[in-house]
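What follows is a short report on a single structure.
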Amino acid sequence: VVSAPENLGKGGPMYVAWSPDGSKLAFGGGFEPPYIMTTIDIASGAVARTEFPSGYPGEIKWSPDGATLAVSTYDTERTHHETWVVEPDTGAGTHLMDGCIIVWSPDSRFLAVHGEDVHGIAIIDVISGARMQLTDSQADAPLSWTE
C-alpha cells in the first residue's frame, strides 16, 4: 500500500502512472499547495518528491524508456498549464513551456505539447531544450506519435 502523507485531507493522489517496466510509480497530490508529485521505486522503497510552484500534476507520462517523466500541471481553475520534465530518482524538475496534452516520441527524445501562450503543437528536444513550433492553431493537440 502506498501512502502519501502530503495529501492527507486534500483528496489523495489524483493522477497515477506506472513506469513502463512496472518498477516505479508516480502520483500527484491534491488541489491545494504544496503541489507535489511523488515517485516511488517499488523494490527499494526509495521516494523522490517534486514540488511544482503553480499547479497540481494533471498529466504524468513516463518516457517510453522509463528514464524520464513528463508532467503537465494545472492550476485549480484549469486555465493555466505548465509542462515539466522530471528525473524520477531525484525529483529534479525542469520547466519546458506553458502547455498541456503531452506525448512522448518513441525514442524518448522529444515531447509534443499543446501550447498555451503560443498556440498549436510544439516539439521539444528534452536533452537540448530546443523547441520547434509544428503548428499554430489553438485547436491543434498532439494525439500520438508513430515511428
Side-chain angles (χ1 to χ4, degrees), residues 1-131 134 138-145:
V1 174
V2 175
S3 65
E6 71 272 13
N7 295 320
L8 292 178
K10 296 181 184 176
M14 296 173 47
Y15 197 98
V16 177
W18 285 97
S19 63
D21 66 1
S23 68
K24 296 178 182 173
L25 180 69
F27 56 92
F31 289 113
E32 297 176 18
Y35 303 116
I36 295 173
M37 180 183 72
T38 302
T39 307
I40 298 176
D41 183 304
I42 301 303
S44 72
V47 174
R49 287 193 171 83
T50 307
E51 185 171 339
F52 301 101
S54 60
Y56 63 88
E59 292 177 79
I60 301 172
K61 306 268 179 94
W62 287 88
S63 59
D65 65 7
T68 310
L69 289 155
V71 180
S72 178
T73 62
Y74 293 59
D75 69 357
T76 54
E77 291 81 28
R78 295 181 60 95
T79 59
H80 180 72
H81 311 88
E82 295 181 356
T83 299
W84 297 76
V85 289
V86 175
E87 204 289 316
D89 294 331
T90 66
T94 302
H95 182 264
L96 296 179
M97 65 178 283
D98 290 352
C100 61
I101 309 174
I102 46 181
V103 178
W104 280 103
S105 65
D107 65 1
S108 302
R109 173 91 189 252
F110 301 95
L111 267 178
V113 180
H114 175 239
E116 189 167 287
D117 294 336
V118 177
H119 297 300
I121 300 172
I123 306 294
I124 302 169
D125 182 328
V126 296
I127 295 171
S128 72
R131 179 175 157 182
L134 186 64
Q138 184 174 2
D140 293 343
L143 299 175
S144 65
W145 200 303

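If you're wondering where the values come from, they're calculated on a predicted model, not measured in any experiment. In what follows, every heavy atom counts, from backbone to side chain, and hydrogens, waters and symmetry copies are set aside.
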Which value, rounded to the nearest 0.5 Å, describes the distance between Ile102 atom CD1 and Lys61 atom NZ?
5.5 Å
Considering non-hydrogen atoms only, spot the tightest contact between Gly115 and Met97 and give its length.
CA-CE, 3.7 Å
Identify the two heavy atoms, one from Pro88 and one from Ala67, that lie closest to each other, and give their separation to 0.1 Å.
CD-O, 3.2 Å
Tell me the closest heavy-atom pair linking Ile42 and Gly22, and the distance in Å.
CG1-O, 4.4 Å
Smallest separation among heavy atoms of Ile60 and Gly28, with atom names:
CD1-N, 3.8 Å
Check the surroundings of atom CD in Gln138: do more than 12 heavy atoms from other residues, nucleotides or ligands lie under 6.0 Å from it?
no
Is the shortest heavy-atom distance from the side chain of His114 to the side chain of Asp140 under 4.5 Å?
no
Determine whether Leu111 and Val85 make a side-chain contact, defined as any pair of heavy atoms from C-beta on separated by less than 4.5 Å.
yes
What's the separation between atom CD1 in Ile124 and atom OG1 in Thr94, rounded to the nearest 0.5 Å?
11.5 Å
May I have the step-by-step check of side chain to side chain contact (heavy atoms under 4.5 Å, CB included) for Val113 and Leu96, ending in yes or no?
CA-CA 10 Å; Val113 180; Leu96 296 179; 5.7 Å; no
Less than 4.5 Å apart, any side-chain heavy atom of Trp62 and any of Thr39?
yes
Taking Ser19 for its side chain and Lys24 for its backbone only, find out whether a donor-acceptor pair lies under 3.5 Å.
yes
What are the two closest heavy atoms between Ala48 and Gly91, and how far apart are they?
CB-N, 3.7 Å
For Tyr56 and Tyr35, take the angle between the two ring planes, folded into 0 to 90°, and tell me which bin it lands in: parallel under 30, tilted 30 to 60, perpendicular over 60.
tilted
Looking at Ser108 and Asp65, would you say the former's side chain and the latter's main chain have a donor-acceptor pair under 3.5 Å?
yes
So Phe52 and Trp84, would you call those rings parallel, tilted or perpendicular, with 30° and 60° as cut-offs?
perpendicular
His81 and Tyr74: which non-hydrogen atoms are nearest, and at how many Å?
CD2-CD2, 3.1 Å
Gap between atom CD1 of Ile101 and atom OG of Ser72 - 0.5 Å precision:
8.5 Å
Pairwise distance CD1(Ile123) to CZ(Phe110) - rounded to 0.5 angstrom
8.5 Å
Verify side chain to side chain contact (heavy atoms under 4.5 Å, CB included) between Val126 and Trp104, making sure each step is shown before the conclusion.
CA-CA 10 Å; Val126 296; Trp104 280 103; 4.0 Å; yes
Atom CG of Leu143 and atom CD1 of Ile121: how far apart are they, to the nearest 0.5 Å?
7.5 Å
What's the separation between atom OG1 in Thr73 and atom CG in Asp98, rounded to the nearest 0.5 Å?
8.5 Å
Is it the case that the side chain of Thr83 and the backbone of Gly99 share a donor-acceptor pair, with hydrogens and angles ignored and the cut-off at 3.5 Å?
yes
